[in-house]
Amino acid sequence: MKPYRPSGKVPSASYLKILLGAIVGGSAIGGFTHLVSQLFYLIVLFPLGMGLAGICVVAMIVTGGKVRNPVVAGLTGLLTGFSIYGSMHYFDYLKIQNTVISDIKKDAEFKDADPTQLFDEILKSRTGSTGFVGFVKDSAKRGVTIGRGGANLGETGTWIYWLIELGIIQALIVYTAVNGAKDPFCESSNDWYKSAENVGNVDASTASNFLELVSSDRFAEAGAFVKSDPETITPDSLAVTKQVSPSDPQADIFLKISKIKVDKEGKPDLKEIITGLVSATDYQGFQSAVKTLPIAEVSGNDQ
């Protein structure tokens with residue numbers, strides 16, 4: 001089989017969509033998290049939730065934008081993660097700012113003062129910075145308290161805590177984005193390959209013979225070891241799936257071979273061992289063998 005490698009292409013029209021999708025999608029998630037956090041905030045679970053929501057955003061960006069470049073996809077994931085976490089804190093900033101400004105306007109002592117400027121002066125006196133940066137620094141100085149009446153992490157602990165939360169979000173999103181860009185894409189059809197379809201299974205006793213034939217590109221012979229409708233699925237047997245082009249019948253077939261493991265509950269668990277592209281002609285011989293050639297006949301030919 002020919003190894004599949006993403007082309008690294010990104011349509012020029014997709015870059016603006018990537019930028020807007022990451023910022024707008026990330027800001028929406030961050031804004032929603034800010035609203036919920038006014039009621040309660042669960043450590044670990046909220047970053048996981050933000051990360052999972054971010055996965056949905058980057059999946060749509062990568063798939064919809066036909067991004068086949070893992071580096072671009074990874075950067076898209078990073079931007080989305082920063083948008084999520086940054087916007088959550090930015091909405092916190094706006095809420096505190098509006099509350100303080102409202103209190104300043106009600107105070108007769110400051111009736112002639114510019115409330116926004118005065119708010120910035122307060123931040124600058126505490127942190128040396130104004131605006132959002134000053135707010136973040138001040139929040140870190142005040143420290144994050146874990147739980148109601150729990151311990152305050154202090155300034156250094158708060159920065160570390162925020163980095164951990166951001167790291168969780170980024171790890172989930174970037175991993176998904178990079179792997180999404182590596183999914184098989186049919187360049188002749190200019191679209192992603194269709195979803196995987198089951199071809200069949202190979203018994204554990206003949207798995208090594210099957211893999212050897214596949215590695216030697218002897219697909220018509222290898223197909224004879226595949227049972228399209230096995231009666232039972234046993235540990236260490238192989239599962240074979242295919243993905244085909246959405247519109248080009250002459251395009252290569254994406255073939256995946258996985259080893260089947262069975263967990264403690266008896267459920268099958270697949271571990272990918274070989275993937276690659278097979279020409280339409282070779283796959284036709286492979287598929288025909290799955291349906292017609294008896295294993296005993298092929299085994300006899302190999303002896």
Side-chain angles (χ1 to χ4, degrees), residues 4-38 41 46-98 116 120 129-137 139-140 159 161-195 246-247:
Y4 172 78
R5 294 185 179 87
S7 65
K9 295 179 180 179
V10 180
S12 56
S14 293
Y15 282 102
L16 181 58
K17 295 178 182 177
I18 289 171
L19 184 63
L20 290 176
I23 294 175
V24 174
S27 297
I29 295 169
F32 178 76
T33 306
H34 159 76
L35 291 175
V36 177
S37 68
Q38 303 308 300
Y41 190 91
F46 266 48
L48 283 174
M50 287 186 275
L52 293 174
I55 283 175
C56 296
V57 171
V58 295
M60 289 189 291
I61 293 173
V62 171
T63 302
K66 298 180 179 179
V67 178
R68 291 96 80 192
N69 188 313
V71 174
V72 173
L75 292 174
T76 301
L78 283 173
L79 178 59
T80 303
F82 281 122
S83 295
I84 291 172
Y85 204 62
S87 62
M88 181 189 72
H89 285 287
Y90 187 75
F91 284 117
D92 289 343
Y93 160 68
L94 292 179
K95 181 179 182 298
I96 296 297
Q97 182 190 51
N98 288 335
T116 302
D120 278 339
S129 300
T130 61
F132 178 60
V133 174
F135 167 77
V136 173
K137 288 182 178 180
S139 297
W159 284 113
Y161 170 74
W162 285 343
L163 286 174
I164 291 173
E165 285 199 322
L166 179 61
I168 292 172
I169 296 168
Q170 294 288 28
L172 291 170
I173 298 175
V174 172
Y175 177 82
T176 301
V178 170
N179 280 278
K182 293 179 180 179
D183 284 344
F185 188 93
C186 180
E187 297 294 335
S188 60
S189 298
N190 192 36
D191 206 350
W192 302 98
Y193 273 75
K194 291 183 178 180
S195 299
S247 61

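Residue numbers count from 1 along this sequence. Just so it is clear, the model here is predicted, and its values are computed rather than measured.
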Of all residues at least two apart in sequence or in a different chain, which pass the side chain to side chain contact (heavy atoms under 4.5 Å, CB included) check with [X]?
{"X": "A140", "value": "E155, T158, W159, W162"}
{"X": "S247", "value": "S189"}
{"X": "D191", "value": "K66, P246"}

Check residues 6-24 and write down every donor-acceptor pair under 3.5 Å in which the side-chain atom is one partner and the other belongs to a residue at least two apart or another chain.
unit_1, atom_1, unit_2, atom_2, d
S7, OG, K9, N, 3.3
S7, OG, E187, OE2, 2.9
S14, OG, G65, O, 2.8

Under the side-chain hydrogen bond (donor to acceptor under 3.5 Å, both in side chains) test, which residues partner [X], sequence neighbours left out?
{"X": "Y4", "value": "none"}
{"X": "T33", "value": "none"}
{"X": "S37", "value": "none"}

Looking at every heavy atom in both [X] and [Y], which two are closest together, and how far apart are they?
{"X": "S83", "Y": "S87", "value": "O-OG, 2.6 Å"}
{"X": "Q38", "Y": "K95", "value": "OE1-CE, 3.0 Å"}
{"X": "G77", "Y": "V58", "value": "CA-CG1, 4.0 Å"}

For [X], check ring pair (Phe, Tyr, Trp, His ring centres under 6.0 Å) against everything at least two apart and list the hits.
{"X": "Y93", "value": "Y90, F132, F135"}
{"X": "F32", "value": "none"}
{"X": "F46", "value": "F40, Y41"}

Original post:
With a 4.5 Å limit on heavy-atom distance, are the side chains of I29 and V57 in contact?
Top reply: yes
Original post:
Looking at side-chain heavy atoms only, is the closest gap between I164 and Y161 below 4.5 Å?
Top reply: no
Subject >> ring-ring contact (aromatic ring centres under 6.0 Å, His included) partners of residues 53-87, not counting sequence neighbours, each pair once >> reply: Y85-H89
Original post:
If only atom types and distance count, is the side chain of T63 paired as donor or acceptor with the main-chain N or O of M60 below 3.5 Å?
Top reply: no
**OP:** With rounding to the nearest 0.5 Å, note down the distance linking CD1 in I55 to OG1 in T80.
**Re:** 11.0 Å
Side-chain donor-acceptor distances from residues 168-184 under 3.5 Å, at least two apart:
unit_1, atom_1, unit_2, atom_2, d
Q170, NE2, L78, O, 3.1
T176, OG1, L172, O, 2.9
N179, ND2, Y175, O, 2.8

